[in-house]
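Some notes on the structure that comes next.
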Amino acid sequence: MRRIEHMRLHAIPRAVRNPKEHDLPAIRRSIEEFGCVIAGELDERTGRLVVGHGRLQVLEEMAAAGESPPEGVLVDDDGTWLPPIVRGWSSRSDADAEAYLIANNRTTEKGGWEERMLAEVLADVRDADPDLLAATGYTADDLTRMAAADDHRPEEELPEPGDADEDIRPEVWGIIVTCDNEEEQTRLLERLADEGWQVRALM
């Protein structure tokens, strides 16, 4: 049965291998703003963490700096922080545990965003409270780039009634730039993407 248990921060064993990198400053801002909702998930078979390595690292840094525990983290009699950990899940093997660790992160990455709606929501958050925007991991510059990308996005042309069988495609205007080598191509793609253009490489 799944349950939440407040465990001693420094006594939570981490995964032997964790290839996921973390934006620790962004995680810190989120925890400071929203509290520690769930710090991680533990694998009962191995006794090791499978989700939440970045969050626990941030909590360790905060505790070491003598900061006050965020909302959701309890404190033991000896001053040790006790973050909330989900318990009750057991992997079937070491490979199963590592597959879940990766899947938990990868499935979120692959989901992506509905860009226009994301920009609208973030703009509303910014207008309500700029500090909340920072806690989302996005910045005002990100919103500017999203708006620029939206300006350059061609409008989709929808088929007229009765034309459902016709192969109607949105009109797209583009240019082709010839590069001398792959490195030059990569630099150009990155620069244009940063400026908000929709680009793709051709071989």
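Hydrogens, waters and symmetry mates play no part in the numbers below; they use all other heavy atoms, side chains included.
A donor-acceptor pair under 3.5 Å is formed between the side chain of Asp78 and the backbone N or O of Thr80. Between the side chain of Thr107 and the main chain of Ala103, a donor-acceptor pair closer than 3.5 Å is present. Although no hydrogens or angles enter the test, the distance criterion places no donor-acceptor pair under 3.5 Å between the side chain of Asp76 and the main chain of Gly79.
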**Request:** Take Met146 and Tyr138 through the test side-chain contact (heavy atoms from CB on, under 4.5 Å) and record every step on the way to the result.
**Result:** CA-CA 11 Å; Met146 287 180 190; Tyr138 286 91; 3.4 Å; yes
**Request:** In sequence, state the C-alpha distance, the side-chain angles, and the governing distance for Ser91 and Val50, and then conclude on side-chain contact (heavy atoms from CB on, under 4.5 Å).
**Result:** CA-CA 10 Å; Ser91 62; Val50 286; over 6 Å; no
**Request:** Apply side chain to side chain donor-acceptor pair (under 3.5 Å) to Asp141 and Thr144, showing your working.
**Result:** CA-CA 5 Å; Asp141 289 342; Thr144 300; 4.9 Å; no
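Heavy-atom minimum distance, Glu44 versus Gly88: OE2-N, 2.9 Å. When every heavy atom of Arg48 is checked against every heavy atom of Arg14, the shortest pair comes out as NH1-O, 2.7 Å. Listed here is the closest heavy atom pair of Leu101 and His53: CD1-CE1, 4.0 Å. Across every non-hydrogen atom of Arg126 and Leu143, the tightest pair is NH1-CD1, 3.5 Å. In this structure, Ala140 and Leu133 approach most closely via the heavy-atom pair N-CD2, 4.0 Å. In terms of heavy atoms, Leu42 sits closest to Leu49 at CD1-N, 3.6 Å.
In this structure, Trp89 and Tyr100 have tilted ring planes: the angle between them lies in the 30° to 60° band.
For the pair Glu114 and Arg116, the salt-bridge criterion is not met [side-chain N within less than 4.0 Å of a carboxylate O]. A salt bridge does not link Arg29 with Glu32: every distance from a Lys NZ or Arg NE/NH1/NH2 to an Asp or Glu carboxylate oxygen is 4.0 Å or more. With salt bridges taken as basic N to acidic carboxylate O contacts below 4.0 Å, one links Arg28 and Glu67. Checked for salt-bridge contact, Asp94 and Arg45 meet the test: a charged N lies under 4.0 Å from a carboxylate O. With salt bridges taken as basic N to acidic carboxylate O contacts below 4.0 Å, none links Glu98 and Lys20.
Environment of CZ in Arg3: crowded, with over 12 heavy atoms of neighbouring residues, nucleotides or ligands closer than 6.0 Å. By the 6.0 Å contact criterion, CG on Asp77 is open, its count of non-hydrogen atoms from other residues, nucleotides or ligands being 12 or less.
Evaluation of the side-chain hydrogen bond (donor to acceptor under 3.5 Å, both in side chains) rule for Ser90 yields no partner, not counting sequence neighbours.
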